[in-house]
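Please read the structure below before turning to the comments.
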2 protein chains.
Amino acid sequence: MLSKTAEYALRATIYIALKGSEENKLGIEEIALGIDSPKSFTAKILQLLTQNNRVISSVRGPNGGFYLTDRARKLPVKAILEAVEEASVITKCVLGLKECSETRPCPMHTQYKNIKKQLKQMFEKTSIQQLVDEFNKGNYFIDNLKGVRKPC
Amino acid sequence: MLSKTAEYALRATIYIALKGSEENKLGIEEIALGIDSPKSFTAKILQLLTQNNRVISSVRGPNGGFYLTDRARKLPVKAILEAVEEASVITKCVLGLKECSETRPCPMHTQYKNIKKQLKQMFEKTSIQQLVDEFNKGNYFIDNLKGVRKPC
DNA sequence: TTAAAAAAAGATATTTGTGTCCTTTTTTGC
DNA sequence: GCAAAAAAGGACACAAATATCTTTTTTTAA
Ligand code: FES
Ligand code: FES
């Protein structure tokens, strides 16, 4: 469905929105640990997301790091996909035709268009903050289980 | 959503089911032309689909080519994805966590699971023949518009 | 039985995605 | 100012996906 790049972009952004703020910026080390992703690769992805402060804001130097502004928190999840150039997932033909259209539909179009519509809705109508809120309801995760957990 | 490999696999299989039969097998040249795909690469993909006659049947030599048995026509579209090892699209976590589960859900899980369910339905409940039937209703396409069409 | 046709198989090339590492720039606090 | 911290940027490495080309095997029909 999505590339590793997009997956890390989504997880990293959620993590930063979740744990960071302008007063408490997060470093790449912590972010990569928090979402189980390769550190340097994630750094590269965050560069894409910080271009023009589109989604993520960053400050260099001591006490620097990444955070999300209130404006950014209101952005749709789609904004993250756009930053990594993968928003086309919500417009493409499932069979890979150059165009997905009603006037020149593929044999799966009728079925797939409903799914695509919901995908579109999900990415366009859900804000980053909504995902944070969802997470904060408890028992949600953005990392992988690592090692063995001690029984309580 | 899907790789080029999967897209070509789907289009090629539909094309063969559509235009071919045991009496009229199709050559790779025609297939690639019919679905707008690179010939040699498509040949490789058809090799995956013909392993053990899983989805596509083939015969070498003069008058040889590709076709679908009646059994194969009844297979779900998912069988094509399985042949190219891409059926995981209907089970994976949208944020790329190792497991998608109710017990360890990501913040998009609640929304995405409905979409995933429909994707699963589409690929599992739709047979190859159903796509052929859909196509045969008319005004469906499996190739790209090429060149300029003369006005009528 | 041989030549031709066609897919299968193998080898290789190219591009893209994923990932790491090193250097540079910016920022801060002393 | 200076040293340290942190992101930004650049260069490189490796793997996977995409694509092409050549050789081999199978099959048919003349
Ligand atoms: S044309 Fe294929 S999904 Fe719309
Ligand atoms: S856990 Fe992420 S989609 Fe189910």
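The chains referred to below are lettered A, B, ... by the order of the sequence lines, with proteins before strands, and numbering in each begins at 1.
For the segment residues 10-30 of chain B, residues with any heavy atom less than 4.0 angstrom from an atom of DNA chain C are, sorted by number, B:Leu26, B:Gly27, B:Ile28. Near DNA chain D, meaning a heavy atom under 4.0 Å from it, residues 57-67 of chain B has B:Arg60, B:Gly61, B:Pro62, B:Asn63 in order of number. The stretch residues 79-95 of chain B has no heavy atom under 4.0 angstrom from DNA chain C at all.
Note: NZ (A:Lys4) to C1' (C:dT20) measures 17 Å, nearest angstrom. Separating the CD1 atom of A:Ile45 from the P atom of D:dA7 is a distance of 15 Å, rounded to the nearest angstrom. Atom pair B:Glu7:CD and D:dA17:P shows a separation of 14 Å (rounding to whole Å applied). If you measure from atom NZ of A:Lys39 to atom P of C:dC22, you get 12 Å, rounded to the nearest angstrom. What separates CZ of B:Phe41 from C1' of D:dA16 is a distance of 11 Å, to the nearest Å. As a whole-Å value, the separation of B:Asp36 CG from D:dA19 P is 12 Å. If you take CD of A:Gln51 and C1' of D:dG9, they are 11 Å apart, rounded to a whole angstrom. Look at CG on B:Leu2: it is 13 Å from P on D:dA17, rounded to the nearest Å.
B:Asn114 and B:Gln118 are not linked by any side-chain donor-acceptor pair at a separation below 3.5 angstrom, with hydrogens and angles left out of the test. Judged purely by distance below 3.5 Å, without hydrogens or angles, the side chains of B:Glu102 and B:His109 pair a donor atom with an acceptor atom. No side-chain donor-acceptor contact under 3.5 Å links A:Thr50 and A:Ser58. Side-chain atoms of B:Thr69 and B:Ser57 form no donor-acceptor pair, as typed in the model, at a separation below 3.5 Å. No side-chain N or O of B:Thr5 forms a donor-acceptor pair with one of B:Glu86 less than 3.5 Å apart.
Taking the charged nitrogens against the carboxylate oxygens, B:Lys39 and B:Glu29 do have a contact shorter than 4.0 Å, which makes a salt bridge.
Remark: B:Tyr8 is in phosphate contact with D:dA19, judged by side-chain N or O atoms under 4.0 Å from OP1 or OP2. The side chain of B:Thr50 places an N or O atom within less than 4.0 Å of a non-bridging phosphate oxygen (OP1 or OP2) of C:dA8.
Side-chain contact check for A:Leu97 versus B:Ile142: every heavy-atom pair is 4.5 Å or farther apart. Looking only at side-chain heavy atoms (C-beta outward), B:Lys137 and B:Glu134 come within less than 4.5 Å of each other. Proximity of B:Pro107 to A:Val132: side-chain heavy atoms (C-beta onward) are nowhere separated by under 4.5 Å. Contact check for B:Tyr112 versus B:Leu119: side-chain heavy atoms found under the 4.5 Å cut-off. Residues A:Val94 and A:Ile115 form no side-chain contact, since every pair of their non-hydrogen atoms from C-beta on lies 4.5 Å or further apart.
B:Glu23 is linked by a salt bridge (charged side-chain N to carboxylate O under 4.0 Å, His left out) to nothing, counting only residues two or more places apart in sequence or in another chain. Among residues two or more places apart in sequence or in another chain, the ring-ring contact (aromatic ring centres under 6.0 Å, His included) test is passed with B:Tyr8 by B:Phe41.
With hydrophobic clusters built from ILVMFWY side chains whose heavy atoms lie under 4.5 angstrom apart, B:Tyr15 shares a cluster with B:Leu75.
Contact annotation for B:Ser3: backbone-only contact, meaning every heavy-atom pair under 4.0 Å involves sugar-phosphate atoms and none involves a base.
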Every protein N/O within reach of nucleotides 10-13 of chain D N/O, cut-off under 3.5 Å:
unit_1: D:dG10; atom_1: N7; unit_2: A:Lys44; atom_2: NZ; d: 3.1
unit_1: D:dG10; atom_1: O6; unit_2: A:Lys44; atom_2: NZ; d: 2.7

